[in-house]
S.K.: 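Sharing a structure with you now.
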Amino acid sequence: MRLTELQESLRESVRRTAAEKFGVELEQVAAEVPPRTDLGDYAFPVAFELAKRVKQATGQKTNPRAIAEELKAALEAEAGVARVEVAGPGYLNVFFDRAALLAQLSSGSGSERPALAGKVIVEHTNINPNKAAHIGHVRNAVLGDTFVRILRAAGNEVEVDNYIDNTGVQVADVVVGFMHVERMTLEDVRRLDESLPPERPFDYYCWDLYSRVGLFYRHGNAEAKEDPELLRLRADTLHAVEEGANATAELADYVSTRIVNCHLDTMGRLGVRYDLLPRESDILHLGFWQRAFERLKETGTIRFETEGRNAGCWVMPTDLHAGTDEHDADKIIVRSNGTVTYAGKDIAYQLWKLGKLGADFYYKQFRTYPDGHTVWVTTSDAAEAAPAESRTPFGGGRKIYNVIDSRQSYTQEIVQRGAAAVAPEVGREASVHLAYEMVALSPAASEELGLELSPEDRQRSHIEMSGRKGLGVKADDLINTLEANAAREVESRHPELGGDERRETAHTLAVGALRFYLLKWTRNSLIAFDFEEALSTQGETGPYCQYAAVRANSIFRKLQEGEPAGAVEVVRSAAVGGESVAGLRRVFEGENGAKIWSLVTTAARLDEAVAQAAELEEPSHLAKYTFGLAQAFNIFYNNKENSILKEQDPTRRAALIVVADLVRKQLTSALSVLGIEVPARM
């Protein structure tokens, strides 16, 4: 049984009683968790709303406390309820039957969570395929991946897309670098790629080349303006890349495909993976924009301007004001020279994701993960497409989440409005911008990663990155440093471990530290990453939560074989009136007993925490819950009264085993939804 099932049963009892006794139909029943278990396990303030509704319907004033007394009788008749107290002017405080609920929770069973109708699409990562991923990309990927896990845990079918802008200006700049700075052909680039050392792979090489191209446009002077003549190389290259079927486009395809593979390797280290890689080149070649353009004109969503500063442009009139000349109330969708803005392209792509474009990609396999899961990539060539029956359908989501930083909020609002105007049946609520703020580094972390800081920089709260200026930290360098720091800590604690086990443990700790650090902050928080803080086993960190789970697991390694199963039987027998029922109830008496029961109910609320994180679209909610559960378990573990291995009373020992087992399973599950594994030891 799940705690959420009991809570829903209680809410249904309130709805039923309200209808039968007072003639009031309640669509929603407000409920809350009291701050302390001595105030109850579940509370209803509903008597006040009922009194108001009854007066509106009959004109008669009814005392909320009298209504609460009627509800109390109904709630006390529900299985799993020990008693109900009416507090103050009409609050209902419900106290669960602790012995019975612990026995039900120990079974680990419950009704199957119903699958929600319709597919949800989450698009995240979306790194320009022109150089190595950096720390900012990691926040996007971890946030998106965790939200995918949360949605799936809440019963959703989820498709994970990673949009590849393989025809953008960033790719064109790297191609300019290879062709006009390095003077290389496609074959030269292939040979270079094969000869690069492991410590400086292809995406690292392109990282440096991208910075050099910026200087190339300025004739090597970082302070100079870009030379218009040299910038024509970018424009010509970009045009050739978009056109396709030429040597420049072939080089761009090689560069972008190789770097996408590098990005997937990087994100794979963090447990992040995808279902589909939609490519911008295929959106262009399959005419998605032209189809969307006609729909936008047909629905009157955009209009052609004949005068003013937007003369010759197609614009989408809105009431939005971003406060800059670039973002005015009339958003330009097609410029006067005929080029389409990012917002225009994104509207077309959003309509495909919603299944409202009336067109589709072709698809081929890109790579397969070790567990057999395949990542697909779009193609515009029907000849290389895989048979439709070899894959699940893509696109056509009932709701779309775009994980993009908050700087793109205005454009995302335009996309949301444009898609809803063309397809009003899905509405604006079908398109969600999952925005987040930037991630930077603490000065200490910056210096540890080799960045040179001025005395003024060392006094700053954080150091911002700039990829175009070459001031940035590659994601793999960040992960490598975390793993190295974790490995030193593991070696100091467990010198007996072999190299492979030490590296595996260090990797698990590093990933847990990084993911939790990026997730514990709300999405609108600016993050300044710090190695020492992230890897600490004290405070609100991933390793602290992992350590709690490791501690719990260590108890069960020391128990006799079969003892956990035997403990469950003792608790179940006692809960149904066995001779040890009094002993089981005493476990939850007194101050320490109240803390143990609070630990049980906290562990049992994992489903609720997941559901709230999904509803609020805020993964930090689940991270906070996970830390709270780990903290509560550590308090339980450190209390000598709760020493399982030394406990002689068989009923109390059984109850403590069941409690610890419930907590370790729920804590492990919560960490898993956050994308964090539990190491064997720490």
Side-chain angles (χ1 to χ4, degrees), residues 125-137 163-197 199-244 246-263 266 279-281 284 339 342 345 405 407 449-452 464-477:
T125 306
N126 300 4
I127 310 172
N128 288 317
N130 67 317
K131 59 185 176 65
H134 60 63
I135 186 172
H137 299 135
Y163 182 75
I164 309 300
D165 185 4
N166 60 336
T167 62
V169 67
Q170 290 83 4
V171 172
D173 278 344
V174 174
V175 172
V176 168
F178 278 123
M179 294 179 64
H180 301 283
V181 178
E182 304 275 75
R183 302 292 180 179
M184 287 184 177
T185 64
L186 173 57
E187 289 307 312
D188 294 330
V189 174
R190 289 180 189 273
R191 284 192 292 270
L192 169 72
D193 188 9
E194 294 170 357
S195 66
L196 289 171
E199 65 273 13
R200 196 190 183 211
F202 190 72
D203 56 338
Y204 277 43
Y205 187 94
C206 291
W207 174 291
D208 296 334
L209 180 59
Y210 183 65
S211 296
R212 289 167 56 202
V213 171
L215 290 173
F216 169 73
Y217 292 141
R218 295 174 170 82
H219 295 285
N221 183 358
E223 304 301 321
K225 292 183 179 181
E226 294 175 321
D227 186 333
E229 290 296 325
L230 293 179
L231 287 179
R232 287 195 185 93
L233 289 175
R234 173 194 281 170
D236 293 343
T237 301
L238 186 60
H239 178 74
V241 171
E242 291 178 347
E243 187 73 20
N246 56 69
T248 300
E250 288 178 6
L251 176 55
D253 181 65
Y254 180 84
V255 169
S256 61
T257 302
R258 275 290 293 116
I259 291 182
V260 168
N261 270 296
C262 292
H263 291 167
T266 300
R279 300 189 302 180
E280 178 164 303
S281 59
L284 294 172
T339 59
Y342 281 115
K345 294 177 183 178
D405 75 61
R407 292 172 295 182
L449 285 164
L451 297 181
E452 294 185 7
E464 295 184 18
M465 306 292 103
S466 173
R468 185 170 289 279
K469 296 178 181 178
L471 178 62
V473 175
K474 302 175 187 71
D476 282 307
D477 287 348

S.K.: Working to the nearest 0.5 Å, report the span between OG1 of Thr248 and CG of Leu186.
M.R.: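 Output value for this atom pair is 10.5 Å.
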
S.K.: Are the side chains of Gln170 and Lys131 in touch, meaning some heavy atoms are under 4.5 Å apart?
M.R.: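 Counting from C-beta outward, Gln170 and Lys131 never come under 4.5 Å.
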
S.K.: Do His134 and Lys474 come close enough that some side-chain heavy atom pair is under 4.5 Å?
M.R.: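 Sidechains of Lys474 and His134: no contact.
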
S.K.: Write down the atom of Ala240, the atom of Ala249, and the distance for their closest heavy-atom approach.
M.R.: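 Minimum heavy-atom contact is O-CB, 3.8 Å.
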
S.K.: Do Asp203 and His263 pair up side chain to side chain, a donor and an acceptor below 3.5 Å, judged on atom types alone?
M.R.: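 No, His263 and Asp203 have no side-chain donor paired with an acceptor closer than 3.5 Å.
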
S.K.: Could you pull out the closest heavy-atom pair between Asn126 and Tyr163, with the gap in Å?
M.R.: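 Smallest heavy-atom distance, with atoms named: OD1-N, 3.0 Å.
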
S.K.: Salt-bridged, Glu194 to Arg191, with N to O below 4.0 Å?
M.R.: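 Judged by the 4.0 Å cut-off on N to carboxylate O distance, Glu194 and Arg191 do not form a salt bridge.
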
S.K.: Which residue in the set Asp208, Asp477, Asp193 passes salt bridge (charged side-chain N to carboxylate O under 4.0 Å, His left out) when paired with Arg200?
M.R.: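 The option that passes is Asp208.
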
S.K.: Would a distance-only check, ignoring hydrogens and angles, find a side-chain to backbone donor-acceptor pair under 3.5 Å from Asp227 to Glu229?
M.R.: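 Present.
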
S.K.: Between Tyr210 and Asn128, is there a side-chain heavy-atom distance shorter than 4.5 Å?
M.R.: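 Side chain of Asn128 against side chain of Tyr210, heavy atoms only: no contact under 4.5 Å found.
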
S.K.: Taking 4.0 angstrom as the limit, do Arg407 and Asp405 come out as a salt bridge?
M.R.: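 Looking at Asp405 together with Arg407, the answer is yes, because their closest N to O distance falls below 4.0 Å.
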
S.K.: Which distance, rounded to the nearest 0.5 Å, do you find between the CG of Asn130 and the CG of Asp173?
M.R.: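 Rounded to the nearest 0.5 Å, the CG-CG separation comes to 8.0 Å.
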
S.K.: Atom CD1 in Ile127, atom CD1 in Ile164: separation rounded to 0.5 Å?
M.R.: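 Taking CD1 in Ile127 and CD1 in Ile164, the distance rounds to 8.0 Å.
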
S.K.: What's the shortest heavy-atom distance between Ser256 and Asn166, and which atoms?
M.R.: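 Reported closest heavy-atom pair: OG-CB, 3.7 Å.
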
S.K.: Hey, which of Asn261, Val171, Asp253 is the one that makes side-chain contact (heavy atoms from CB on, under 4.5 Å) with Pro129?
M.R.: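 Of Asn261, Val171, Asp253, side-chain contact (heavy atoms from CB on, under 4.5 Å) with Pro129 is met by Val171 alone.
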
S.K.: I'd like to know if the side chain of Ser195 reaches the main chain of Leu192, judged simply by a donor and an acceptor atom lying under 3.5 Å from each other, with no hydrogens or angles considered.
M.R.: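 A pair under 3.5 Å: yes.
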
S.K.: Any heavy-atom pair between the side chains of Tyr204 and Leu196 that's under 4.5 Å?
M.R.: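 A side-chain contact under 4.5 Å is absent here.
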
S.K.: If I take atom OG1 from residue Thr185 and atom CG from residue Leu251, how far apart are they, to the nearest 0.5 angstrom?
M.R.: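 That separation rounds to 8.5 Å.
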
S.K.: Rounded to the nearest 0.5 Å, what separates atom CG in Leu230 from atom NE2 in His219?
M.R.: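 That separation rounds to 4.5 Å.
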
S.K.: Going from CG on Leu231 to CG on Leu238, what distance comes out if it is rounded to the nearest 0.5 angstrom?
M.R.: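 Interatomic distance, Leu231 CG to Leu238 CG, rounded to 0.5 Å: 12.0 Å.
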
S.K.: Would you name the heavy atoms of Gly168 and Asp165 that are closest together and state the gap between them?
M.R.: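 Answer, listing the atom of Gly168 first, then Asp165: N-OD1, 3.2 Å.
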
S.K.: Does atom NE2 of His239 have more than 12 heavy-atom neighbours, drawn from other residues, nucleotides or ligands, at distances under 6.0 Å?
M.R.: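 No, NE2 of His239 has 12 or fewer neighbouring heavy atoms, counting only those of other groups under 6.0 Å.
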
